[in-house]
Each structure stands twice: as C-alpha cells, then as structure tokens.
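Notes to accompany the following structure.
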Amino acid sequence: MCFPHAGGGASAFWSWRRNTETKIHVHPVSLPGRDGRNGEPLPSDMTILAELLAHDLADVLDEPHVLFGHSMGGLVAHQVAKHRWAAGKRMADALVVAACPAPHLVSPLATVVDLDDARLAIGLDTIGGLPPELLDRPQWMSTFLEGVRADLKLCFAHSYRAEPRLPCAIHVFGGEHDPLVRRSALAGWRRHTSASFTLKMLDGNHFLASDENSGLRSEVFALVENVTHSDAPRPQ
C-alpha cells in the first residue's frame, strides 16, 4: 500500500508496479482530488482523510499488508495505521516511511505554503519535485501547484496528539543529500512504535521513491518479503 508525496498521485508508484519481479502486489493509493478522483474535493483534515482511506481500502487492509509512504505519504500512512489500531482492526505488518519527519516534529516546509506560484515552482524545481512534463505544459502548472499547496496545508493543519505507540515495526529511509529532512528528524520515528525500528540512509535526495538510483524500491521490497505475515500484530 503506497501513499504519495505532496502533490503526487498513484502514478508516482507506477514504475514500482512495473519493476517488481516478486509476488509483492504494489497498491498505489489515489487520494481525493487527483488521479481518478478528480471530482472529489482536496482533503483539508488529516484525521478525516485517514478515516476515508481506511474505509475505502478496508478490503485490502484486512489482508496481510505493509504501509509505505513517501514524504507527506508517510504521515498519511501513519494516520491510517493509527485509525485502524484505534478501531480494533488488523494492523499493518510494518509501517515504512521515506523522507518524512517524525509526526511530532514541525515540518521543514512550514513557510512554503504562503509562497506565490512562481516562487513555489522554483522551490519545488530546486529539490527535484517539479514534474518535467509541466515545463512543456505550463497550462497544467497552476492546477498542480494548487494540489501541492493543499497537501502542505493538510500536513501543517494537523495537530499531533500523544497516543499509544503503534504495535507494528517502523522502518525509515532518508536521503543523504536531502536538504529538507535530516537524519535526526527521521530518527524521531522511533518513539512511535512499541515494536522494532530501523533507520537507513540512502545515496539520494528528497525524492527517493522516483529516483531509480537511490535503491529505495529494492529496500522496501526486501522488507516486505521479510515480513512474517502470520505474526502480524492484532488488537487485543
């Protein structure tokens, strides 16, 4: 189960689906307001979004699964896991996040939301977050930036509340050259699990999921293959 970065969609993981040579089923998640859900309003509340996704994906989440989220997707995946745990549902076998600060920390992009379109586009381009096809189709730029800004507001508006740690393992990846998320911010995820925790830095920037050379996809697939589904934690 793969959750995309701010402004991203299910297409962010299409290459993951094409390049798996294992029995792993890659399930990219479409968030409201994008992909095949363009008619739905962009989400503005993280808790409501998690409840909606948990409902929509219930059939998949009731089976053995691993939740993976890149950047903002890590926060969404974590919130979905929390919702499932509170509701007494089957837990993920593991939560895997990449380039995402721990949920109790302030986002490094807190001031970006207020930038105008031109400055926001420049900032995204600097960190590799501007899809190259938009440079050839500027008429799509405004719509894309609207989605990015809405997603960033979604993250910043969410107030973290201290709650019991998740009973599933949390595995975290970061980019050695990521200008936004430092190792210390990634290490903060340790406090959100009562199970095992790992942190690994890869040779890459912020957008590890789309970087074919980062090795993230192989790392995530290896983790999923090593999960013992029969030992997945269940609510007591």
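Every value quoted in this text rests on a predicted model; they were computed, and no experiment measured them.
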- When rounded to the nearest 0.5 angstrom, what distance separates CZ in Arg119 from CG in Leu145? 13.5 Å
- Message: Minimum heavy-atom separation for Val26 and Pro28, please, with both atom names.
- Response: O-CD, 3.3 Å
- Message: Show the nearest heavy-atom pair for residues Ala81 and Met91, with the distance to one decimal.
- Response: O-SD, 3.7 Å
- Message: I need the minimum non-hydrogen distance between His206 and Val181, along with the two atoms involved.
- Response: CE1-CG2, 3.9 Å
- Same cluster or not: are Ile24 and Val227 linked, directly or through other Ile, Leu, Val, Met, Phe, Trp or Tyr residues, by side-chain heavy atoms under 4.5 angstrom apart? yes
- Flag side-chain contact, heavy atom, 4.5 Å: Met1 against Phe68: no
- Query: With ring centroids as reference points, do Trp189 and His78 lie under 6.0 angstrom apart?
  - Reply: yes
- If every non-hydrogen atom of Pro4 is compared with every non-hydrogen atom of Ala12, which pair is closest and at what distance? CB-CB, 4.5 Å
- Message: Apply salt bridge (Lys or Arg N to Asp or Glu O under 4.0 Å) to residues Glu212 and Arg217 and explain how you reach the verdict.
- Response: CA-CA 8 Å; Glu212 295 292 330; Arg217 183 177 63 224; 3.2 Å; yes
- Quick one: does Asp211's side chain get under 4.5 Å of Leu216's, heavy atoms only? no
- Message: Please report the interatomic distance OG1(Thr47) to NE2(His83), rounded to the nearest 0.5 Å.
- Response: 10.0 Å
- What distance separates Trp14 CH2 from Ser210 OG, expressed to the nearest 0.5 Å? 14.0 Å
- Item | From CG (Asn226) to NE2 (His171), nearest 0.5 Å | 9.0 Å
- Message: If I compare all heavy atoms of Trp16 with all of Ala209, which pair ends up nearest, and what's the gap?
- Response: NE1-O, 3.0 Å
- Query: Are any side-chain N or O atoms of Arg190 and backbone N or O atoms of Thr198, one a donor and one an acceptor, separated by less than 3.5 Å?
  - Reply: no
- Item | Salt-bridge contact Asp62-Arg84 (side-chain N to carboxylate O under 4.0 Å) | yes
- Query: Hey, are the side chains of Val172 and Lys200 touching, using non-hydrogen atoms and a 4.5 Å cut-off?
  - Reply: no
- Message: Check for me whether the distance between the ring centres of His192 and His104 falls short of 6.0 Å.
- Response: yes
- Task: Taking the six-membered ring for Trp and the full ring for Phe, Tyr or His, determine whether the centres of His70 and Phe3 are under 6.0 Å apart.
- Result: no
- Task: May I ask you to decide if Gly204's main-chain N or O and Ser214's side chain share a donor-acceptor pair within less than 3.5 Å?
- Result: no
- Do the non-hydrogen side-chain atoms of Leu105 and Pro103 ever get within less than 4.5 Å of each other? no
- Task: Look up atom CG in Leu49 and atom CG in Leu154, then write down how far apart they are to the nearest 0.5 Å.
- Result: 6.0 Å
- Are any of the side-chain heavy atoms of Leu124 and Phe144 separated by less than 4.5 Å? yes
- Query: Would you say the side-chain atoms of Asn205 pair up with the backbone N or O of Phe207, donor to acceptor, closer than 3.5 Å?
  - Reply: no
- Query: Of Ile170, Val96, Leu61, which is the lone residue that meets side chain to side chain contact (heavy atoms under 4.5 Å, CB included) with Leu67?
  - Reply: Leu61
- Using a strict 4.0 Å threshold on nitrogen-to-oxygen distance, state whether Glu63 and Arg90 make a salt bridge. no
- Query: How about Asn213 and Asp203: do any of their side-chain heavy atoms sit closer than 4.5 Å?
  - Reply: no
- Message: Between Arg191 (side chain only) and Ala187 (backbone N and O only), is there a donor and an acceptor less than 3.5 Å apart?
- Response: no
- Message: Test side chain to side chain contact (heavy atoms under 4.5 Å, CB included) on Leu57 and His27; report intermediate values, then the result.
- Response: CA-CA 10 Å; Leu57 302 169; His27 189 115; 3.9 Å; yes
- When hydrophobic residues are tied together by side-chain contacts of less than 4.5 Å, even through go-betweens, does Phe197 share a cluster with Met201? yes
- Non-hydrogen side-chain atoms of Cys100 and Leu75 separated by less than 4.5 Å: yes
- Message: So does Leu166 get a backbone contact from the side chain of Ser194, meaning a donor-acceptor N/O pair under 3.5 Å?
- Response: yes
- Side chain to side chain, Asp93 and Cys168, heavy atoms closer than 4.5 Å: no
- Flag yes if Val60 and Leu52 sit in one hydrophobic cluster, no otherwise; membership is Ile, Leu, Val, Met, Phe, Trp, Tyr, and two members link when side-chain heavy atoms are under 4.5 Å apart. no
- Query: Does the pair Met72 and Leu31 meet the rule for a side chain to side chain contact (heavy atoms under 4.5 Å, CB included), with working shown?
  - Reply: CA-CA 12 Å; Met72 179 196 80; Leu31 302 182; 3.8 Å; yes
- Judged by atom type as modelled, is there a donor-acceptor pair below 3.5 Å linking the side chain of Ser71 to the main-chain atoms of Gly73? no
- Task: Take His65 and His25, measure what side chain to side chain contact (heavy atoms under 4.5 Å, CB included) needs, and give me the verdict at the end.
- Result: CA-CA 9 Å; His65 66 279; His25 175 64; over 6 Å; no
- Message: Within this structure, what is the CG-CE distance for the pair Leu120 and Met141, rounded to the nearest 0.5 Å?
- Response: 9.5 Å
- Task: Indicate the atoms forming the closest heavy-atom contact of Ala102 with Gly188, along with that distance.
- Result: CB-C, 3.4 Å
